[in-house]
Amino acid sequence: QVQLVESGGGLVQAGGSLRLSCAGSGRTFSRYIMAWFRQAPGKEREFVATITWNGDTSYYTDSVKGRFTISRDNAKNTVYLQMTSLKPEDTAVYYCAANPRQYLSSSWNSYDTWGQGTQVTVSS
């Protein structure tokens, strides 16, 4: 089973950019559909973006379309989330997750492996 470690979070002003990274261990990383979720204080965990095993298809929640880009480098066992035009409402803990199924999903219960999360704070 793959293990995941996120990095790249921090404090940024509104309109700024950040790139999150999620490093996976194990030789099976390229077999997993990967995704990013986020959870703001007092709110439920929310789907952000997902990408197929070979990176040819991705899907985003409406609130981040045109601002966030998910990508992956299987040679480095890493998935990325490039975030631009950040807004205060993007403030949350961001988690990467691995989906062993053969279809994209925005549902958290399709994912069986999660990282520890990285905090993103956007100031106004």
Partner set under side-chain hydrogen bond (donor to acceptor under 3.5 Å, both in side chains) for Ser105, not counting sequence neighbours: Ser110
Disulfide bond (SG atoms under 2.5 Å apart) pairs, two or more places apart, involving residues 47-82: none
Derivation and outcome, side-chain contact (heavy atoms from CB on, under 4.5 Å), residues Thr113 and Gln3: CA-CA 7 Å; Thr113 303; Gln3 294 182 321; 5.7 Å; no
side-chain contact (heavy atoms from CB on, under 4.5 Å) involving Lys43 - partner list, sequence neighbours excluded: Ala40
Set of side-chain contact (heavy atoms from CB on, under 4.5 Å) partners for Val93, sequence neighbours left out: Tyr95, Gln119
OG on Ser63 to CD on Glu89, rounded to 0.5 Å: 8.5 Å
Disulfide bond (SG atoms under 2.5 Å apart) contacts in which one or both residues fall within residues 15-60, not counting sequence neighbours: Cys22-Cys96
Arg67: salt bridge (Lys or Arg N to Asp or Glu O under 4.0 Å) partners, not counting sequence neighbours: Asp90
Ser124 to Ala14 - nearest heavy-atom pair and separation: CA-CB, 4.3 Å
Pairing residues for Thr52 by the side-chain contact (heavy atoms from CB on, under 4.5 Å) criterion, not counting sequence neighbours: Asn54, Asp56, Thr57, Leu104
Gln116 atom CD: more than 12 heavy-atom contacts under 6.0 Å: yes
Ring pair (Phe, Tyr, Trp, His ring centres under 6.0 Å) involving Tyr111 - partner list, sequence neighbours excluded: Phe37
All pairs passing side chain to side chain donor-acceptor pair (under 3.5 Å) where residues 7-25 contributes a residue, at least two apart: none
All salt bridge (Lys or Arg N to Asp or Glu O under 4.0 Å) counterparts of Glu46, not counting sequence neighbours: Arg38
Linked hydrophobic residues, Met34 as query - side chain contacts closer than 4.5 Å: Val2, Leu4, Val12, Leu18, Leu20, Phe29, Tyr32, Trp36, Val48, Ile51, Tyr60, Val64, Phe68, Ile70, Val79, Leu81, Met83, Leu86, Tyr94, Val120, Val122
Under 3.5 Å: donor-acceptor pair, side chain of Gln39, backbone of Ala92: no
Flag if over 12 foreign heavy atoms under 6.0 Å of CH2, Trp108: no
Enclosure of Arg101 CZ (heavy-atom neighbours >12, cutoff 6.0 Å): yes
Ala23: partners by side-chain contact (heavy atoms from CB on, under 4.5 Å), with sequence neighbours left out: Thr78
